J.: 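Here you go, one structure.
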Amino acid sequence: MEYENHTSSSDFILLGLFSSSQTSLIFLSFIVIIFIITIAENTMMIILIHRESRLHTPMYFLLSHLSFMDILHTSNIVPKMITDFLSGSKTISFAACGFQIFLSLTLLGGECLLLAAMSYDRYVAICHPLRYPMLVNDYGSVLMAGGSWFIGIINSIVHTAYTLHFPFCGSRAIDHFFCEVPAMLVLSCVDTTRYERGVYVSGIIFLLIPFSLIFASYVQILHTVLQMKSKEARKKSFSTCFFHMIVVIMYYGPFIFTYMRPKKYHTPGQDKSLAIFYTILTPTFNPIIYSIRNKDVLEAMKNILRIYMFVYFHTKYLEDICYSNLQKAFISSGVQRWIFLKP
């Protein structure tokens, strides 16, 4: 390949998502807009949850961790994709590739467990509201969030070390837009069948089990909702559950399809298309579906907006008064000087 002459023996080449064409530039612009929106809305959610006392609950504590994971995940992948396209340099060092794999697996695995914890929170809140303070308290939410991070990190260390220890004696061109385990295994010149079984086991632990728990919890929630007397409450709950499950399927579906298939069934185009869902699109939808549609979050946003508007107009008012007083002082000073100098 033309890039191989410009790289060291340990560097990899990311072929990317787009080719260098006018159409690709349009798609890249779309990715940039999504990236900015993702960072802005997730940052806003973290600030709202931190500042508003009404949002200091286990559910929103878990949501703040979800937003932080989404910020890190998109920041780990999209900026590199953008700079590679604009600069034309598609190389990535061995260390940078390893870090990208580690952070990506940490966040993907941690988010899988965190989404399951959030579904448990909703299940207890709706199906067992009287027991909610006992089953899901501050200590429990810290334990669930911390456990998601810790288990995700341990799993990521193991898979990153195993993936990078394989010899890559052929082409070092990764047909993907970031360093991902399935795309790396294709480059290995040794048999990776045994390791793929380990990936499959991790897929059961981090993907199938959490997804099954989430699905079961929402079935129970819907069963409880059907017994509600209020038609409005049923409609609202159905809407919430429906959108939650759409986002969960968008995240887990492509993720399961990518990581739980044997290497020989992978195709670069398919893997890249599927990765867009759990690396770029889902982090954008999470704040909208889980938070911004929520009445408490909307009220918190209105309160913050009122405070900023009050501070802005109050500051503007004080500036106008100070400016007016200064003008009067200068005019008065000028009149006195004119009277003093008049013959």
Side-chain angles (χ1 to χ4, degrees), residues 1-4 7 11-35 38 73-74 76-92 96-98 100-101 103-105 107-108 111-112 159 163-164 166 168-189 191-193 195-196 199-200 202-203 206-207 211 246-285:
M1 283 216 164
E2 59 178 317
Y3 298 106
E4 290 178 3
T7 63
D11 287 347
F12 292 100
I13 301 160
L14 288 172
L15 297 183
L17 187 62
F18 310 110
S19 60
S20 299
S21 65
Q22 194 69 28
T23 307
S24 298
L25 188 61
I26 296 171
F27 281 112
L28 183 74
S29 303
F30 181 65
I31 295 293
V32 171
I33 293 169
I34 290 177
F35 174 69
T38 301
H73 199 193
T74 52
N76 181 41
I77 295 169
V78 177
K80 173 64 177 169
M81 186 199 312
I82 296 168
T83 53
D84 283 355
F85 181 86
L86 296 178
S87 67
S89 172
K90 296 177 179 288
T91 60
I92 183 170
C97 190
Q100 201 172 56
I101 293 172
L103 189 56
S104 178
L105 288 177
L107 297 169
L108 287 171
E111 190 162 328
C112 285
H159 284 290
T163 302
L164 295 180
F166 289 121
F168 305 100
C169 47
S171 170
R172 301 180 76 86
I174 304 170
D175 198 352
H176 213 304
F177 57 88
F178 73 104
C179 292
E180 191 173 31
V181 171
M184 299 287 290
L185 294 181
V186 174
L187 302 182
S188 178
C189 51
D191 184 22
T192 59
T193 305
Y195 172 67
E196 287 180 57
V199 174
Y200 187 79
S202 291
F206 284 87
L207 295 171
F211 180 75
I246 289 293
V247 172
V248 166
I249 291 170
M250 278 181 60
Y251 183 76
Y252 281 94
F255 202 4
I256 290 170
F257 200 66
T258 299
Y259 278 83
M260 299 196 71
R261 281 182 303 157
K263 182 174 67 175
K264 60 183 179 181
Y265 294 114
H266 284 261
T267 60
Q270 194 176 65
D271 285 353
K272 286 190 280 190
S273 299
L274 291 171
I276 290 173
F277 283 94
Y278 55 83
T279 60
I280 297 174
L281 295 180
T282 307
T284 308
F285 292 136

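Keep in mind that the numbers below use all heavy atoms, side chains included, and drop hydrogens, waters and symmetry copies. Note that the structure is predicted; figures quoted are calculated from it, not measured.
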J.: Please check if the side chain of Thr284 supplies one atom and the backbone of Thr38 the other of a donor-acceptor pair under 3.5 Å.
T.: no
J.: Quick one: CD1 on Ile101 to OG1 on Thr163, what's the gap to the nearest 0.5 Å?
T.: 5.5 Å
J.: Hey, what do you get for CZ (Arg261) to CG (Asp271), rounding to the nearest 0.5 Å?
T.: 5.5 Å
J.: Using every non-hydrogen atom in the two residues, find where Thr91 and Lys80 come nearest and quote the distance to one decimal.
T.: O-NZ, 2.8 Å
J.: Cys112 and Phe211: side chain to side chain contact (heavy atoms under 4.5 Å, CB included), yes or no, with the steps?
T.: CA-CA 8 Å; Cys112 285; Phe211 180 75; over 6 Å; no
J.: Do Arg172 and Asp11 touch side chain to side chain, with heavy atoms closer than 4.5 Å?
T.: no
J.: Output, in order, the C-alpha distance, side-chain angles, deciding distance and verdict of side chain to side chain contact (heavy atoms under 4.5 Å, CB included) for Thr74 and Ile280.
T.: CA-CA 6 Å; Thr74 52; Ile280 297 174; 5.7 Å; no
J.: Could you go through the side chain to side chain contact (heavy atoms under 4.5 Å, CB included) check for Lys272 and Phe177 one step at a time?
T.: CA-CA 7 Å; Lys272 286 190 280 190; Phe177 57 88; 4.2 Å; yes
J.: Is any side-chain heavy atom of Pro254 closer than 4.5 Å to one of Thr282?
T.: no
J.: Distance check, rounded to the nearest 0.5 Å: Leu187 atom CG versus His176 atom NE2?
T.: 11.5 Å
J.: Within this structure, what is the CD1-SG distance for the pair Ile174 and Cys179, rounded to the nearest 0.5 Å?
T.: 4.0 Å
J.: Before giving the answer on side-chain hydrogen bond (donor to acceptor under 3.5 Å, both in side chains), spell out for Gln100 and Ser104 the whole-Å C-alpha distance, their side-chain angles and the decisive distance to 0.1 Å.
T.: CA-CA 6 Å; Gln100 201 172 56; Ser104 178; over 6 Å; no
J.: So Ile31 and Ile276, side chain to side chain contact (heavy atoms under 4.5 Å, CB included) or not? Walk me through it.
T.: CA-CA 10 Å; Ile31 295 293; Ile276 290 173; 5.5 Å; no
J.: Write down the atom of Leu15, the atom of Lys90, and the distance for their closest heavy-atom approach.
T.: O-NZ, 3.4 Å
J.: Is the ring pair Phe12/Phe168 parallel, tilted or perpendicular, if the boundaries are 30 and 60 degrees?
T.: perpendicular
J.: Starting at CG of Asp84, measure out to CG of Leu17 and round the result to the nearest 0.5 Å.
T.: 12.0 Å
J.: Could you tell me whether the side chain of Leu185 reaches within less than 4.5 Å of the side chain of Tyr195, counting heavy atoms only?
T.: yes
J.: Scan Phe257, Phe178, Phe255 and name whichever one has a ring-ring contact (aromatic ring centres under 6.0 Å, His included) with Tyr278.
T.: Phe255
J.: Measure the CD1-OG distance between Ile34 and Ser29 for me, rounded to the nearest 0.5 Å.
T.: 11.0 Å
J.: Quick check: do Glu180 and Ile77 have side-chain heavy atoms less than 4.5 Å from each other?
T.: no
J.: Minimum heavy-atom separation for Pro283 to Thr279, with atom names?
T.: CG-O, 3.7 Å
J.: Taking the six-membered ring for Trp, is the centroid-to-centroid distance between Tyr259 and Phe206 below 6.0 Å?
T.: no
